[in-house]
Colleague: 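What follows is a structure written as structure tokens; I'll ask about it next.
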Amino acid sequence: HMDAIARATRVDPMELRRKNVLREGDTTATGQVLRSGVAGEECLEKALAASGYFAKRARGPVRKGRKVRGIGASLFMHGAGFTGSGERYLKGKVAVDLLPCGRLLIRTASTDIGQGTETVFRQIAADAAGIEVADIDFAVPSTSVVPDSGPTVASRTVMVVGSIVELAAREVGARVRSEQEARGGSFAEAGDRLIAKGEVVTSLKQYEPPAFINWDDVTYKGDAYPCFGWMCDVVEVEVDLDTFEVAVVDAYLAGDVGKAINPIMCKGQLEGGTLQAFGWAVSEDLVWKDGRIMNPRFTNYIIPTALDAPEFHTTLVECPFELGPGGGAKGIGELPMDGGAPAICAAVEHAIGVPIDVLPLLPERVFEAAMRHREKGSNA
């Protein structure tokens, strides 16, 4: 939509975004005033600078043989945590227990499905308790042993559940240190003394949404999220003029993660989520017939692999959310999915001069759009 407006007003799409980017103090569509942690402008500028966007855009499409290259970009945001009153209804909980030898056990229903939850929670708990990461254990998230932390969805795991992991670990750590200060010895020795006395040292914490969250479930107005993650994608594509295949060859990402508790994992999350977005944009065509999905397997539903990944140039932007764990972490699980498709569409338009408003950009669809565009031009 922004690109269409830019086309009609004859301005560069990113210049238009520069003028309209949300800033601190602005109001969202639900009436939420953006109080802090608003990093859209910073993400925009860093991605544009890293990619050389304006110089490449001004240079125009670059043709090599039967392939032509173009550049496009998108700027986007995503809320962290359940929308509106969701977290109040969920009442997510975690527990942290003291184990022998000064170890702590995190008990949470949040599951690690590859995004690094176990690693990051260990880091959060170790920092909060003042011990080494190696001294943190993570319970198997079976409902027989863990409290209900809410589902592992909604970009909430690190920001929401991680914040109460931090509180619980800090409380257990403080209790052990109190014993340590009173009778001396190491953290492990102090913890073992408490256990030997028959004390059960544990902390169960429940998430409490920020007091400023004011949401109306009837009108769907108010503070939709405690904070937002922000991101800018700049991508370069090559379009084959014979087959009309679209290939992403370079990607410049600038993503606001609040605070990068584990920078390598943060970059991996942004890049992996963006590659998923590229698949949705270019190849993942869900075919239905008579109410049945006709391509329900990976032999005919084509997702990108590492061989399809472009070169990623990723910049982490840290604009802390004051209530996030580890110094201000935000939820970023869903954020990178939002920007890949519009950036690719913008780059394809820059390459071949054809605006396309349907996904995925299968070769036949790009070809059909190009033919319609040519016919429209010839009839004008």
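Quick caveat: nothing in here was measured; it's all calculated off a predicted structure.
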Colleague: Any salt bridge linking Arg365 with Asp285? Criterion: basic side-chain nitrogen under 4.0 Å from a carboxylate oxygen.
Modeller: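 Result for this pair is yes, salt bridge flagged.
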Colleague: When Ile, Leu, Val, Met, Phe, Trp and Tyr are grouped by side-chain heavy atoms lying under 4.5 Å apart, directly or through other members, which residues fall in the same group as Met294?
Modeller: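 Answer for Met294: Val287.
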Colleague: Just by distance, with hydrogens left out, do Ser36 and Glu322 show a side-chain donor and acceptor under 3.5 Å apart?
Modeller: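 Per modelled atom types, Ser36 and Glu322 side chains form a pair under 3.5 Å.
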Colleague: Looking at every non-hydrogen atom in both residues, tell me the closest pair between Glu166 and Ile124 and how far apart they are.
Modeller: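 Minimum heavy-atom separation between Glu166 and Ile124: CB-CG2, 3.5 Å.
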Colleague: Linking I/L/V/M/F/W/Y whenever their side-chain heavy atoms sit closer than 4.5 Å, directly or via other members, would Leu99 and Val172 fall into one cluster?
Modeller: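 Hydrophobic grouping puts Leu99 apart from Val172.
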Colleague: May I have the list of side-chain donor-acceptor pairs in residues 273-280 shorter than 3.5 Å, sequence neighbours left out?
Modeller:
| residue | atom | partner | partner atom | Å |
| --- | --- | --- | --- | --- |
| Thr274 | OG1 | Leu270 | O | 2.6 |

Colleague: What I'd like to find out is whether the side chain of Val62 reaches to under 4.5 Å of the side chain of Val68, using heavy atoms alone.
Modeller: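 Sidechains of Val68 and Val62: no contact.
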Colleague: Holding to salt bridge (charged side-chain N to carboxylate O under 4.0 Å, His left out), I want the full list of residues that pass it with Glu199, two or more places apart in sequence or in another chain.
Modeller: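 Testing Glu199 for salt bridge (charged side-chain N to carboxylate O under 4.0 Å, His left out), a comparison that skips the adjacent residues, returns Arg175, Lys197.
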Colleague: So Phe228 and Trp230, would you call those rings parallel, tilted or perpendicular, with 30° and 60° as cut-offs?
Modeller: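 The arrangement is tilted - the two ring planes meet at 30° to 60°.
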Colleague: Regarding Arg122 and Asp135, does a basic nitrogen lie under 4.0 Å from an acidic carboxylate oxygen?
Modeller: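 No.
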Colleague: Do the side chains of Lys91 and Glu208 get close enough for a salt bridge, i.e. N-O under 4.0 angstrom?
Modeller: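 Salt bridge absent between Lys91 and Glu208.
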Colleague: Parallel, tilted or perpendicular: which one describes the rings of Phe138 and Phe121, with boundaries at 30° and 60°?
Modeller: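 Correct class here is tilted.
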Colleague: Of all residues at least two apart in sequence or in a different chain, which pass the side chain to side chain donor-acceptor pair (under 3.5 Å) check with Thr117?
Modeller: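 So Thr117 forms a side chain to side chain donor-acceptor pair (under 3.5 Å) with Gln115.
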Colleague: Does Val249 reach the side chain of Val237, with side-chain heavy atoms less than 4.5 Å apart?
Modeller: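 The answer is no; the side chains never approach within 4.5 Å.
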Colleague: Side chain to side chain donor-acceptor pair (under 3.5 Å) with Asp192: which residues, sequence neighbours excluded?
Modeller: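 So Asp192 forms no side chain to side chain donor-acceptor pair (under 3.5 Å) with any residue.
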Colleague: Side chains of residues 240-247: which donor-acceptor pairs under 3.5 Å do they make with residues two or more places apart or in other chains?
Modeller:
| residue | atom | partner | partner atom | Å |
| --- | --- | --- | --- | --- |
| Asp240 | OD1 | Asp242 | N | 2.8 |
| Asp240 | OD1 | Thr243 | N | 3.0 |
| Asp242 | OD1 | Arg66 | NE | 3.1 |
| Asp242 | OD1 | Arg66 | NH2 | 3.0 |
| Asp242 | OD2 | Arg66 | NE | 3.4 |
| Thr243 | OG1 | Glu245 | N | 3.3 |
| Thr243 | OG1 | Glu245 | OE1 | 2.9 |

Colleague: Applying side chain to side chain donor-acceptor pair (under 3.5 Å), name anything that partners Ser144, two or more places apart in sequence or on another chain.
Modeller: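 Ser144: side chain to side chain donor-acceptor pair (under 3.5 Å) contacts with Ser142.
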Colleague: Can you confirm whether the side chains of Thr83 and Tyr225 place a donor and an acceptor under 3.5 Å from each other?
Modeller: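 Side-chain D/A pair, Thr83 to Tyr225: present.
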Colleague: Should the pair Glu24-Arg35 be classified as a salt bridge under the 4.0 Å nitrogen-to-oxygen rule?
Modeller: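 Looking at Glu24 and Arg35, the cut-off is not met.
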Colleague: Could you note down all residue pairs passing salt bridge (Lys or Arg N to Asp or Glu O under 4.0 Å) where residues 138-156 supplies at least one of them, sequence neighbours left out?
Modeller: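 Listed by first then second residue: Glu87-Arg156.
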Colleague: Between Phe298 and Tyr301, is the ring pair (Phe, Tyr, Trp, His ring centres under 6.0 Å) condition met? List the steps.
Modeller: CA-CA 5 Å; Phe298 291 142; Tyr301 183 83; 7.3 Å; no
Colleague: Just one of Lys267, Lys46, His313, Glu271 clears the side chain to side chain contact (heavy atoms under 4.5 Å, CB included) bar with Leu253, so which one?
Modeller: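 For Leu253, the side chain to side chain contact (heavy atoms under 4.5 Å, CB included) test succeeds with only one of Lys267, Lys46, His313, Glu271, which is Glu271.
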Colleague: Using side chain to side chain donor-acceptor pair (under 3.5 Å) as the criterion, list what pairs up with Arg7, not counting sequence neighbours.
Modeller: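 With neighbours one apart ignored, the set is Glu349.
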Colleague: Using salt bridge (charged side-chain N to carboxylate O under 4.0 Å, His left out) as the criterion, list what pairs up with Asp308, not counting sequence neighbours.
Modeller: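 Partners of Asp308 under the salt bridge (charged side-chain N to carboxylate O under 4.0 Å, His left out) test: none.
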Colleague: Could you tell me whether the side chain of Ser203 and the main chain of Val96 form a donor-acceptor pair under 3.5 Å?
Modeller: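 Side chain of Ser203 to backbone of Val96, a donor-acceptor pair under 3.5 Å: no, none is there.
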Colleague: With a 6.0 Å cut-off (strictly less than), is the heavy-atom count around NZ of Lys93, excluding the residue itself, greater than 12?
Modeller: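 Counting other residues, nucleotides and ligands, NZ of Lys93 exceeds 12 neighbours.
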Colleague: Please name all residues satisfying salt bridge (charged side-chain N to carboxylate O under 4.0 Å, His left out) with Arg18, sequence neighbours left out, ordered by chain then number.
Modeller: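 Listed in chain order: Glu15, Glu45.
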Colleague: Salt bridge (charged side-chain N to carboxylate O under 4.0 Å, His left out) with Arg59: which residues, sequence neighbours excluded?
Modeller: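 With neighbours one apart ignored, the set is empty.
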